[in-house]
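The structure appears below as structure tokens.
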2 protein chains.
Amino acid sequence: MTSLEITNWQDLQSEFLNRIQSRQWKPGELIPNEADLADEFGCARATVNRALRAVADTGLLVRRRKAGTRVAVHPVRKATLSIPMIRSEVEARNQSYSYALISLDTKKPAANVRAKMGLDKTAKALHVRALHLADGKPYVYEDRWINLATVPTIGAVNLEIQSANEWLVANAPFTEGDIAFSAASADAIVAEIMNVDLNEALFVIERNTWNNGASITSVRLTFAPGYRIHTTI
Amino acid sequence: MTSLEITNWQDLQSEFLNRIQSRQWKPGELIPNEADLADEFGCARATVNRALRAVADTGLLVRRRKAGTRVAVHPVRKATLSIPMIRSEVEARNQSYSYALISLDTKKPAANVRAKMGLDKTAKALHVRALHLADGKPYVYEDRWINLATVPTIGAVNLEIQSANEWLVANAPFTEGDIAFSAASADAIVAEIMNVDLNEALFVIERNTWNNGASITSVRLTFAPGYRIHTTI
DNA sequence: GAGTGGTCTAGACCACTGT
DNA sequence: CAGTGGTCTAGACCACTCC
């Protein structure tokens, strides 16, 4: 019983989404296997597979070998968001980007940073603090630690001119990373640097990156008031 | 010149990542086309395609027909984050989940909500305010508008018992959605409801969903202090 | 126009896992 | 053990877009 002869995986994906949404396929229910669906739509199994994988990637289907494919009971929607370089982000808003180094030292990091970066107690790291500006106004305050053992050449870079952010993106590719989003009140230091009120609510991104297990950098980015990250689901 | 006879797309992906990371393929550079790579690794072009697509999905490669595949100059890393139901999120932390309805009215929403939901000036919507608790402590304050034209059956649901969040996830699947993350200061109302200090920095998620262009709901979730979203890159 | 990625096919074998 | 999804292949045609 070919219903419509869909031979294109994106149309198939839409059809599957419709069936889930219209409850023709109900939460928790087993849906037909790939071979049957391929038969129904008059296309190859690989095409059905591609479409089903795409839907499963959004969290609406759960697939297991032998057990088959089921409609997720508690759909966990997944959102993909892009994390651009700060300069790109500012320029994408048609604002002029500028950058100012605040401080630069080589010293032993505090215990929490040391732990995140997997440094031993005596190890020193490069501490960089900088301000990124959009149209001359504070946009992001960057507080960063860089592992000199992993990225020794950073020592030769003039961080007054080029931000560590940019240099690292271009010169220290990473294999693993984690990222966290949170909210924090401006403390006295941040309030002064960013020219905001004390205790103002600011958006914070913390990121750690590794290259094959070796820590590269740990950074905390504090954004100006009003900042938001937006994406579609 | 077969280098190693890799016939599995995930190994191929690793190999490509290595080449990018080791700068054997430099930023901005054109890499060999799919046919040549298939030849080099002794596999089918479809396999190379799958691996290259996977890398391109992470933002490290940029692919264009006829123009070929290039290593991204300014890699825009993409992070995927899961957005579970609040109950699942609390239970995943091994905390007990509970829920309390704060208010429930049918009325005309403010202009900003009306615009987001595409309602006309006279339309009323269901306004639900509720508190989600983890181990009895405020976890999320939910301020939600629901489009009665799209989801009329919500009227028959007892929202004292079941949260709108859960009911909608189970009964009003959506086809499009957007989501935004930001930071906000607790105002007097939120401070009292969540038992936090006035102006405390809180993490906020705003989400709007549509079903085939018809707005379903618009919600603002304000999280307890310390909340963070975490993911790997 | 021609080169590249995007996709589809038909068939095959494999890997996992429920029974 | 057997059923299901996961993947690979070889070949084909198409869609896009740079030149």
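Naming: A, B, ... by sequence-line order, numbering from 1 per chain. When reading the values below, keep in mind they use all heavy atoms of this one structure, side chains included, and skip hydrogens, waters and symmetry mates.
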After noting the C-alpha distance and the side-chain angles of B:S218 and B:N208, does the key distance pass the side-chain hydrogen bond (donor to acceptor under 3.5 Å, both in side chains) rule?
-> CA-CA 4 Å; B:S218 174; B:N208 298 287; 2.8 Å; yes
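- Spacing between atom CG of A:D57 and atom C1' of D:dG6 amounts to 13 Å, rounded to whole angstrom units.
- The aromatic rings of B:F16 and B:F41 sit perpendicular to each other, their planes meeting at more than 60°, with 30° as the lower class boundary.
- For D:dT4, neither phosphate oxygen OP1 nor OP2 lies less than 4.0 angstrom from any side-chain nitrogen or oxygen of A:T69.
- A:I146 approaches A:M117 most closely through the heavy-atom pair C-CE, 4.0 Å.
- To the nearest angstrom, C1' of D:dC8 lies 15 Å from CD of B:E34.
- As rounded to whole Å, 16 Å separates atom P of D:dC16 from atom CZ of B:R63.
- Nucleotide D:dT4 holds its C1' atom 12 Å from the CZ atom of A:R70, rounded to whole Å.
- Put simply, B:R50 has no side-chain N or O that comes within less than 4.0 Å of OP1 or OP2 on D:dC8.
- With no hydrogens or angles considered, no side-chain donor-acceptor pair links B:Y99 and B:Q162 at under 3.5 Å.
- For the OP1/OP2 pair of D:dG6 and a distance below 4.0 Å, the side-chain nitrogens and oxygens of B:Q10 include no atom meeting the criterion.
- Between B:E142 and B:R220, none of the side-chain N atoms (NZ, or NE/NH1/NH2) sits under 4.0 Å from a carboxylate O, so this pair counts as no salt bridge.
- Checking the phosphate oxygens (OP1, OP2) of D:dG5, no side-chain nitrogen or oxygen of A:N49 falls inside 4.0 Å.
- Distance CG (A:L61) to C1' (D:dT4): 15 Å, rounded to an integer number of Å.
- Taking atom CG on A:L37 and atom P on D:dT4, their separation rounds to 12 Å, with Å as the unit.
- Pairing each heavy atom of B:L12 with each of B:A51, the nearest pair is CB-CB, 3.6 Å.
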Once base and sugar-phosphate atoms are separated, protein heavy atoms under 4.0 Å mark nucleotides 9-19 of chain C, 5' to 3', with B, S and - as B--B--BBBB-
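- Going from atom CZ of A:R53 over to atom C1' of D:dG6 covers 8 Å, rounded to whole Å.
- Ring pair B:F223/B:Y139 is perpendicular by interplanar angle, where above 60° counts as perpendicular and below 30° as parallel.
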